[in-house]
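Notes follow the structure.
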Amino acid sequence: SDPKSGSTVTPGTKITYTVVGTNTGATVLDPVTLTDDLKDVLAYAALEGNPTASSGLPPVRDGNTLKWSGSLAVGESVTLTYTVIVNANASGKTLHNIVVGVAQPPGEQPPLTPPPAETKHPVETPGSGPLASTGSMAGIVLSLGALLLAMGAAVVYFSRRRNAVS
């Protein structure tokens, strides 16, 4: 994703998700299905435009699920891309996206199910960032005043001491 998973985002931020499925095996995989569970994304963000696929038909959205199906030749990849915009009411929430893939090799072989891929984007809570500078110089003025007071006391002390000795 862009910004990368784990990055803190703010309301209004655009997040572009890129899902890549690649056939790294030695046979055609047909069908290949990529299922993107968007329930914890679309609860706090809105889909912008239509998701795209680099090959085959575009992914289909059904509620909070985005699904792509097609075949992949040996070494072939498909890239799904879509963008969301973080909602104003998402502060303090986390956008959590999970994609699972299933691929069917030829014959009677069992389906291939690689581990799920996931991303997380915490949404900043107002006031949780660094404090803004107000331009106040009270700390500097007080410190300078204390320094001048100490210097004045030292001058008086040494002046009285010199007068007492003479």
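The model shown is predicted, which means the values in this text are computed figures rather than measured ones. Values reported hereafter were calculated over all heavy atoms of this structure, with side chains retained and with hydrogens, waters and symmetry mates removed. For this chain, numbers begin at 1 and follow the sequence in order.
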To the nearest 0.5 Å, how far apart are [atom1] in [X] and [atom2] in [Y]?
X: E124; Y: T10; atom1: CD; atom2: OG1; answer: 6.5 Å
X: Y17; Y: H121; atom1: OH; atom2: NE2; answer: 5.5 Å
X: L95; Y: Y44; atom1: CG; atom2: OH; answer: 8.0 Å
X: S55; Y: L72; atom1: OG; atom2: CG; answer: 6.5 Å
X: L42; Y: R61; atom1: CG; atom2: CZ; answer: 5.0 Å
X: T22; Y: L29; atom1: OG1; atom2: CG; answer: 10.5 Å

Checklist line | Donor + acceptor pair across side chains of T119, H96 (<3.5 Å) | finding: no
Notebook entry, point to check: Just by distance, with hydrogens left out, do T125 and S91 show a side-chain donor and acceptor under 3.5 Å apart?
Noted result: no
Would a single hydrophobic cluster contain both [Y] and [X], if residues Ile, Leu, Val, Met, Phe, Trp and Tyr are joined by side-chain heavy-atom contacts under 4.5 Å?
X: V84; Y: W68; answer: no
X: I98; Y: L38; answer: no
X: I15; Y: V19; answer: no

Shortest non-hydrogen separation from [X] to [Y] and the atoms involved:
X: A53; Y: P58; value: CB-CA, 4.1 Å
X: S7; Y: P122; value: O-CD, 3.5 Å
X: V123; Y: P11; value: CG1-CD, 3.9 Å

Next item on the list: Step by step, work out the side chain to side chain contact (heavy atoms under 4.5 Å, CB included) result for N97 and D36.
Entry: CA-CA 7 Å; N97 188 15; D36 196 340; 2.3 Å; yes
Note, [X] side chain near [Y] side chain (heavy atom, < 4.5 Å):
X: V28; Y: P106; result: no
X: V78; Y: L34; result: yes
X: S77; Y: N23; result: no
X: V102; Y: P111; result: yes
X: V32; Y: S69; result: no

Margin query: Under the criterion side chain to side chain contact (heavy atoms under 4.5 Å, CB included), I'd like the reasoning laid out for V41 against Y82: C-alpha separation, chi angles, the key distance, then a yes or no.
Written below: CA-CA 12 Å; V41 172; Y82 63 92; 5.6 Å; no
Next item on the list: Give the intermediate values and the outcome of side chain to side chain contact (heavy atoms under 4.5 Å, CB included) for residues T35 and T65.
Entry: CA-CA 7 Å; T35 304; T65 302; 3.5 Å; yes
Next item on the list: Given side chain to side chain contact (heavy atoms under 4.5 Å, CB included), test L80 with T18 step by step and report yes or no.
Entry: CA-CA 6 Å; L80 312 180; T18 304; over 6 Å; no
Item checked: Side-chain (N87) to main-chain (N89) donor-acceptor, under 3.5 angstrom -> no
Note to self: Donor-acceptor check, side chain of T79 to backbone of V20, threshold 3.5 angstrom: yes or no?
What the structure shows: no
